[in-house]
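Please read through the structure below; I'll follow up with questions.
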There are 2 protein chains.
Amino acid sequence: MESAEILFSENGFDGTSVRDIAEKAGVNLAMISYYFGSKEKLMESIFHYRSERLTDQLNQMLRDSLMSSMEKINNLIDSYIDKFLQQTCFHRIMVREQLTNAKGPMGEMILKVKTNNYNLINQLIKEGQKRGEFTKPIDIGMMMATLIGTVNHILSTQHYYRDMENLQDLSEEQFRKHIRKKLSVHLKSLFKSSLIH
Amino acid sequence: MESAEILFSENGFDGTSVRDIAEKAGVNLAMISYYFGSKEKLMESIFHYRSERLTDQLNQMLRDSLMSSMEKINNLIDSYIDKFLQQTCFHRIMVREQLTNAKGPMGEMILKVKTNNYNLINQLIKEGQKRGEFTKPIDIGMMMATLIGTVNHILSTQHYYRDMENLQDLSEEQFRKHIRKKLSVHLKSLFKSSLIH
DNA sequence: GTTTAAATCAAACATTTGTTTAATTTTGCA
DNA sequence: TGCAAAATTAAACAAATGTTTGATTTAAAC
């Protein structure tokens, strides 16, 4: 699953052969069918494994009643950035898969995750408005698209960003820190000025 | 090229066979190699054809000195949305391809387009700041990522957005109009409150 | 230590893949 | 009309694909 995840994220599902996966994992070709049933089901296993953990964390964080709504928003932003940075391969797969599989088991899994996230954030923003913390009306669906879209875009096109901002001399680790910080500051300021007059 | 563009956007490059393309186009299988050389080169032809027109329009619009900087920004937002809406297939391919081909001829083509756009927008924002129209400091690279990322994300995940916002009863045309408007309003307000105090 | 099930393997399977070939048809021009 | 170049075709090509098979090894239980 680890090997497959990396290869899928680099070359796409169709661009990766089961032989590639088997070789990278150091196992016999036949074992993939033996254990997962098929290449498709291997993909679903990866997806299931990753997305299980995705929503739990979010749910917990948003339930914390000690934080102000704005703090929660900022927390949400950072945790989405971190999640993507920690699981770049999986998120890359998700971005790619969203382009294709609207229908099928994959599409249903994605919809489930997205709907859950949407409801949580919706609730959070309504809460902030009720409390009087957020004074501006806001398009929640679009705001989510901006959060997810901006992070996705930067992290899926890291290479180009690095070229254009002349950051080639940074190490991989330094560069990751750099974009994490940039994204965090940018998105927080964006949300703040969109939610508060 | 038309047929290939549609199929590539739906199933990805590796998910599309030259036989699929030939059948959809109503031509013989061998003609693709005959005219384009290879499947890869067919892709490059599509890319070349589309990206040629991409920057020209932008250049022209931004040179117009009668508009205020804010008007230009708004114009830029709308023209990017429209470009994506008019050429959804091609843009889908670009989004997917950005995930994969950092190197290779495709990657170079993408970098060229991106760099050009970056320079133009950079210039535009600096101009607005000089004129005193834009009073807030701004991270231009991030702001571009937000523009492109938000549009890309909404339009590549239209299907999910439609489900979550309960817009299933709209016709395809109505739905397109709906998201165009939503995106336009949202991004303009986002840019405005990021550029002006 | 024997037995039984699970794990692992090399080999083979039938399709599908992108590309090429060589023959045929169509076209444009003298 | 005749002819050469271009366009189109069906067939074949070798390589790669996902999956299965049947034999062999390993592990665990009694």
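A, B, ... follow the sequence lines: proteins, then strands. Residue 1 opens every chain.
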Can you name the residues that form a side chain to side chain contact (heavy atoms under 4.5 Å, CB included) with A:Gln86, not counting sequence neighbours?
A:Asp82
With sequence neighbours excluded, residues passing side chain to side chain contact (heavy atoms under 4.5 Å, CB included) with A:Lys192:
A:Met70, A:Ile196
Indicate, with a heavy-atom threshold strictly under 4.0 Å, whether B:Leu29 touches base, sugar-phosphate, or nothing.
base
Distance only, no hydrogens: is a donor on one side chain within 3.5 Å (strictly under) of an acceptor on the other, for B:Arg96 and B:Ser156?
no
Mind checking what makes side-chain hydrogen bond (donor to acceptor under 3.5 Å, both in side chains) contact with B:Ser17, not counting sequence neighbours?
B:Asp20
Whole angstrom is fine here: how far is it from CD1 in A:Ile32 over to P in D:dG18?
9 Å
Using the 3.5 Å cut-off, write out each protein N or O paired with an N or O of nucleotides 22-26 of chain C and the distance between them.
none

Test side chain to side chain contact (heavy atoms under 4.5 Å, CB included) applied to A:Ile77 - qualifying residues, sequence neighbours left out
A:Ile73, A:Asn74, A:Ile81, A:Leu147, A:Leu187, A:Lys188, A:Phe191
For B:Lys83, side-chain hydrogen bond (donor to acceptor under 3.5 Å, both in side chains) partners two or more places apart
none
Scan residues 15-22 of chain A against DNA chain C and write down, sorted by residue number, each residue with any heavy atom closer than 4.0 Å; if none is found, say none.
A:Arg19
Partners meeting side-chain hydrogen bond (donor to acceptor under 3.5 Å, both in side chains) with B:Glu5 (sequence neighbours left out):
B:Arg50
Whole-Å distance separating the CD atom of B:Glu23 from the C1' atom of C:dT16:
14 Å
Identify the pairs formed between an N or O of the protein and an N or O of nucleotides 4-8 of chain C at a distance under 3.5 Å, and give each distance.
residue : atom : partner : partner atom : Å
C:dA7   : O5'  : A:Tyr35 : OH           : 3.4
C:dT8   : OP2  : A:Tyr35 : OH           : 3.0

Sequence neighbours left out, what pairs pass ring pair (Phe, Tyr, Trp, His ring centres under 6.0 Å) with at least one residue falling in residues 126-151 of chain A?
none
For B:His186, the side-chain hydrogen bond (donor to acceptor under 3.5 Å, both in side chains) test, sequence neighbours excluded, returns A:Thr146
Applying side chain to side chain contact (heavy atoms under 4.5 Å, CB included), can you list everything that pairs with A:Tyr34, at least two apart in sequence or on another chain?
none
